[in-house]
Amino acid sequence: GQVAVNGTLALSHATSFPNLLLDGGILEGPATATVPSTGTLTLTGGTLTGAHIVNQGAATQTGTTYFNTGSTLENAGSLALADNSYLSADSNASDLLQNGLGATLTYSSTNSTYAIIYVPWSNAGTVDVAGNSTLDSYGTFDNTNSVNVADTSTLYLAQGNSASHSDTGSYNVVAGALLNIAGGTR
């Protein structure tokens with residue numbers, strides 16, 4: 001079965017959801033919501049408020065997901081960003097998108113379009129940007145593993161690393177693709 005959040009779901013204890021859909025609703029913490037390796041996480045839009053989601057399965061981000069009050073989305077499986085999708089953050093510096101060791105975050109499109117990450121994020125797995133698309137990153141970004149920019153795609157990094165971090169991972173950019181380091185230090 002699937003749990004669809006269209007209203008407000010406040011988690012007071014750790015809960016596992018075989019299939020979780022955030023569809024315009026609010027997922028509140030402080031407890032952790034886990035989607036197991038056999039499950040799906042679908043983010044079509046909504047708000048995380050003090051929430052901690054651990055995705056071990058297959059996740060898809062469409063629409064806009066807002067991170068508020070120290071929310072974390074921890075990807076330990078796969079996370080695919082769709083065209084014109086946004087991961088947006090409030091001014092809380094503790095909001096975070098984590099792409100964990102062994103996990104994959106992908107944005108690939110044949111359209112000349114984009115996905116945007118405003119939340120601070122880190123990569124210990126693999127980030128793949130491909131097609132004719134642009135992944136814009138306006139939050140701080142720490143890379144400790146592998147970022148691949150392929151085809152005629154662009155990865156735009158508006159900021160440097162988070163405080164007291166530096167990149168130790170690789171950036172692999174093929175001919176015709178672009179890694180645009182627009183701000184900060186790498």
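Just so it is clear, the model here is predicted, and its values are computed rather than measured.
Interatomic distance, S108 OG to D128 CG, rounded to the nearest 0.5 Å: 8.5 Å. Between the CG atom in N172 and the CG atom in L179 there is a gap of 10.5 Å [rounded to 0.5 Å]. Between the CG atom in D95 and the CG atom in N68 there is a gap of 6.5 Å [rounded to 0.5 Å]. Between the CZ atom of F141 and the CG atom of L97 there is a distance of 9.5 Å, given to the nearest 0.5 Å. Between the CZ atom of F17 and the CG atom of L9 there is a distance of 5.0 Å, given to the nearest 0.5 Å. Within the model, atoms CG of N99 and OG1 of T126 stand 7.5 Å from one another, a figure rounded to the nearest 0.5 Å.
The shortest non-hydrogen separation linking S94 to G70 is OG-CA, 3.2 Å. Closest approach of A14 and A31 over heavy atoms only: N-CB, 3.6 Å. Considering every non-hydrogen atom in both L27 and A33, the closest pair reads CD2-CB, 4.4 Å. Pairing each heavy atom of H13 with each of T15, the nearest pair is O-OG1, 2.9 Å. The minimum heavy-atom distance linking A124 with T144 is given by the pair CA-OG1, 3.4 Å. Contact record, A51 with E28: CB-C, 4.3 Å, taken as the closest heavy-atom pair.
T8 places no side-chain N or O within donor-acceptor distance of the main-chain N or O of I26, the cut-off being under 3.5 Å. Distance alone, capped at 3.5 Å, is enough to place a donor-acceptor pair between the N75 side chain and the T104 backbone. Not one N or O on the side chain of S109 forms a donor-acceptor pair closer than 3.5 Å with the backbone of D83. A donor-acceptor pair under 3.5 Å links the side-chain atoms of T44 to the main chain of L22, judged by distance alone. Q61 places a side-chain N or O within donor-acceptor distance of the main-chain N or O of G63, the cut-off being under 3.5 Å. Between the side chain of N143 and the backbone N or O of S170, at least one donor-acceptor pair lies under 3.5 Å. D90 contributes a side-chain N or O that, together with a main-chain N or O of T69, makes up a donor-acceptor pair within less than 3.5 Å. Although no hydrogens or angles enter the test, the distance criterion places no donor-acceptor pair under 3.5 Å between the side chain of D23 and the main chain of G46. With hydrogens and angles ignored, the 3.5 Å screen pairs no side-chain donor or acceptor of N148 with any backbone N or O of V129. In this structure, the side chain of S71 engages the main chain of G50 through a donor-acceptor pair within 3.5 Å.
A donor atom on one side chain and an acceptor atom on the other are not found under 3.5 Å apart for N123 and N145.
In this structure the side chain of T110 never reaches within 4.5 angstrom of the side chain of N132, judged on heavy atoms. The shortest side-chain heavy-atom distance between V127 and W121 falls under the 4.5 Å cut-off.
Around CG of L178, the count of heavy atoms belonging to other residues, nucleotides or ligands within 6.0 Å exceeds 12.
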Under 3.5 Å, which donor-acceptor pairs do the side chains of residues 34-43 form with other protein atoms, sequence neighbours left out?
residue, atom, partner, partner atom, Å
T40, OG1, N19, OD1, 2.7

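In this structure, the salt bridge (charged side-chain N to carboxylate O under 4.0 Å, His left out) partners of D167, at least two apart in sequence or on a different chain, are R186.
Both I53 and V3 sit in one connected hydrophobic cluster of ILVMFWY residues. Membership requires side-chain heavy atoms under 4.5 Å apart, directly or through other members. Under the 4.5 Å side-chain heavy-atom criterion for grouping Ile, Leu, Val, Met, Phe, Trp and Tyr, V5 is connected to L79 within one hydrophobic cluster. In terms of hydrophobic clustering, with Ile, Leu, Val, Met, Phe, Trp and Tyr side chains grouped at heavy-atom distances under 4.5 Å, Y66 and L81 are assigned to different clusters.
The other residues sharing a hydrophobic cluster with Y156 are Y86, Y114, I116, Y118, Y138, where clustering joins ILVMFWY side chains under 4.5 Å apart.
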Requested in this report: Report the C-alpha separation of I181 and Y171 in whole Å, then their side-chain angles, then the decisive distance to 0.1 Å, and conclude whether the side chain to side chain contact (heavy atoms under 4.5 Å, CB included) test is met.
Outcome: CA-CA 11 Å; I181 300 171; Y171 291 88; over 6 Å; no
